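Residue numbering restarts at 1 for every chain, and letters A, B, ... go by the order of the sequence lines. Just so you know, these numbers come straight off a predicted model, no measurement behind them.
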There are 2 protein chains.
Amino acid sequence: MELQGFERHDHASCIRDGVDAAAEHCRREGLQLTPVRRRVLEILLERHRALGAYDILDTLRDEGLGSQPPVAYRALDFLVKNGFAHRIERLNAFVACNHPGENHSPAFLICRKCDRVAEGQADPASDMLGRSAAAIGFRIERAVVEAEGLCPACQENDRK
Amino acid sequence: MELQGFERHDHASCIRDGVDAAAEHCRREGLQLTPVRRRVLEILLERHRALGAYDILDTLRDEGLGSQPPVAYRALDFLVKNGFAHRIERLNAFVACNHPGENHSPAFLICRKCDRVAEGQADPASDMLGRSAAAIGFRIERAVVEAEGLCPACQENDRK
DNA sequence: CAGCGAACTGTTATGTTATTACACCGGAGC
DNA sequence: GCTCCGGTGTAATAACATAACAGTTCGCTG
Ligand SMILES: [Zn+2]
Ligand SMILES: [Zn+2]
Ligand SMILES: [Zn+2]
Ligand SMILES: [Zn+2]
């Protein structure tokens, strides 16, 4: 599994790639990446962290793209439904997807100190819970996997 | 892993055992299992499902045990902190623990149809995410694992 | 081209979940 | 008796989320 989120990276291309992947996916699927939806995705990619719906709404409002909660929630619903973003239940917040386009079950590492989030993969069928579920006949459709702890950088700072 | 929650069981003893385990744990640890706290735990055990804080508060209010949100939230905080109950992030709700006293990392199977919840174990260090986290130096302290799907009974009903 | 429906947006209002802040109470220890 | 501390009672508010409905655009079809 490839983990992303805590290491340094070329952020400009990270934003560009995210938007491009979404645009391409929408083109193929006949979905509309409208200005609001595109901008919300950009905001998530730019900030590169988990953002609450109202944080995003503040930015939209500043830019004249919408001022009421449904505007933000509708765009986020679209992004989540189509796999361009994920909801972090633990934080009531949203992050841009690191593997857009790919069909995947995300798992997250959330730093409780700096609030940054790394996204990885967790195959729900292969782990202990998945096997036990299969054993009792429970059919898993979706799994929320969110680990909380300290990222490498914050462990460093703790020691200082 | 032992999964509990969907099968039939002796519910009276299930309630009694849960309260007894908590009472015993509190006695040993010098914690106060006050009337409100005990009653909230009983409510969770009686209903044997995930309950919102306000659902619980409604019951407390009917019984004259408190009418304002902090009463319910404080009791729930106590129960969660001491391992007698768990919060289900996906549902903004709470369930009584099935393994009180034992030190464990719970994982849940949530039926999207009947809303019942089964609790199992998920060792965060042993799965794919845990190994990847260790590889990049992320220290996992706690993990939310919540699988959503259809329980055996609801799959049956679907077929009818 | 008129009429229509689907998808999206704008806005108001409201519902749901959770916390802050402060007054009060009662027992333990001195 | 006094003080500290953990717990409770309550009001007010914050934070998160949705319902409902009017208005727009645009492509389709008669
Ligand atoms: Zn993803
Ligand atoms: Zn960190
Ligand atoms: Zn448990
Ligand atoms: Zn079910």
Side-chain angles (χ1 to χ4, degrees), chain A residues 22-23 25-27 29-41 43-44 49-82 84-95 110 115 144 146, chain B residues 22-23 25-27 29-41 43-44 49-82 84-95 110 115 144 146:
Chain A
H25 180 92
C26 287
R27 198 189 54 69
E29 305 283 325
L31 301 168
Q32 304 184 44
L33 190 60
T34 63
V36 178
R37 292 169 177 178
R38 172 186 290 263
R39 187 64 191 118
V40 170
L41 178 56
I43 292 167
L44 288 174
R49 59 190 306 116
L51 294 176
Y54 281 73
D55 294 334
I56 291 164
L57 184 58
D58 287 343
T59 303
L60 292 180
R61 184 161 23 226
D62 290 347
E63 300 176 357
L65 272 171
S67 61
Q68 301 303 320
V71 174
Y73 280 102
R74 286 194 286 231
L76 288 166
D77 283 349
F78 172 86
L79 296 174
V80 169
K81 185 157 56 172
N82 295 110
F84 307 135
H86 301 292
R87 178 180 168 85
I88 309 289
E89 300 291 345
R90 183 74 182 78
L91 303 176
N92 294 328
F94 300 84
V95 280
I110 305 167
D115 264 358
V144 173
E146 298 173 359
Chain B
H25 180 93
C26 288
R27 200 190 52 68
E29 304 283 324
L31 301 167
Q32 303 184 47
L33 189 61
T34 63
V36 178
R37 292 169 176 177
R38 172 186 290 261
R39 187 63 192 120
V40 170
L41 177 57
I43 292 167
L44 288 173
R49 60 189 306 117
L51 294 176
Y54 281 73
D55 293 334
I56 290 165
L57 183 58
D58 286 344
T59 304
L60 292 180
R61 184 161 22 225
D62 290 346
E63 299 175 357
L65 271 172
S67 61
Q68 301 302 318
V71 174
Y73 281 102
R74 285 193 288 233
L76 288 165
D77 284 348
F78 172 86
L79 295 174
V80 169
K81 185 156 58 173
N82 296 107
F84 307 135
H86 301 291
R87 179 179 167 84
I88 309 290
E89 300 291 345
R90 183 72 181 80
L91 303 176
N92 295 328
F94 301 82
V95 279
I110 305 167
D115 266 357
V144 173
E146 298 173 0

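Using a 4.5 Å heavy-atom threshold, the side chains of A/Ile43 and A/Leu60 count as touching. Considering only heavy atoms from C-beta on, B/Glu89 stays 4.5 Å or farther from A/Val144 through its side chain. Using a 4.5 Å cut-off on side-chain heavy atoms (C-beta onward), B/Arg87 and B/Val95 make no contact.
Residues of residues 66-76 of chain A that place a heavy atom closer than 4.0 Å to DNA chain C, in numerical order, are A/Gln68, A/Pro70, A/Val71, A/Arg74. Near DNA chain C, meaning a heavy atom under 4.0 Å away, the residues from residues 58-65 of chain A are A/Leu65.
Residue A/Glu89 contributes atom CD, which lies 14 Å from atom C1' of C/dT17 at whole-angstrom precision. If you take CG of B/Asp77 and C1' of C/dA18, they are 10 Å apart, rounded to a whole angstrom. Taking atom CZ on A/Arg90 and atom P on C/dT17, their separation rounds to 17 Å, with Å as the unit. Distance, A/Gln32 CD to D/dG27 C1': 11 Å, rounded to whole Å. Atom CZ of B/Arg39 and atom P of D/dT8 are 15 Å apart (whole Å). In this structure, B/Leu79 places its CG atom 14 Å from C1' of D/dG7, rounding to the nearest Å. What separates CG of B/Asn82 from C1' of D/dG7 is a distance of 14 Å, to the nearest Å. B/Leu57 places its CG atom 12 Å from the P atom of C/dA18, with the value rounded to the nearest Å.
With salt bridges taken as basic N to acidic carboxylate O contacts below 4.0 Å, one links B/Asp58 and B/Arg61.
For the pair A/Ala93 and A/Gly52, the tightest heavy-atom approach, listed with the atom from each and the gap, is CB-N, 4.0 Å. Scanning all heavy atoms of the two residues, the minimum distance from A/Arg37 to A/Gln32 falls at NH1-O, 2.8 Å. Heavy atoms only, all atoms of each residue included: A/Leu65 and A/Val36 are closest at O-CG2, 3.8 Å. For the pair B/Gly66 and B/Leu57, the tightest heavy-atom approach, listed with the atom from each and the gap, is O-CD1, 3.9 Å. The two residues B/Leu41 and B/Leu79 make their nearest non-hydrogen contact at N-CD1, 3.8 Å.
Along DNA chain D, the nucleotide nearest B/Val36 and the nucleotide nearest A/Gly52 are compared for position; the residue whose nucleotide lies closer to the 5' end is B/Val36.
B/Arg87 has a side-chain polar atom (N or O) that falls below the 4.0 Å cut-off from OP1 or OP2 of C/dA18. Phosphate proximity of D/dA17 to A/Asn92: present, with a side-chain N or O under 4.0 Å from OP1 or OP2.
Axis angle across the helix from C/dC1-D/dG30 to C/dC30-D/dG1, with five pairs used at each end and values rounded to 10°: 10°.
Annotation: the span from B/Phe84 atom CZ to B/Leu33 atom CG amounts to 7.0 Å, rounded to 0.5 Å. For the atom pair A/Leu44 CG and A/Asp55 CG, the distance stands at 10.0 Å (nearest 0.5 Å). The CG atom of A/Asp62 sits 11.0 Å away from atom OG of A/Ser67, with the distance rounded to the nearest 0.5 Å.
Ring-to-base geometry places B/Tyr54 in a stacked arrangement with C/dT17 (centre distance under 5.5 Å, plane angle under 30°).
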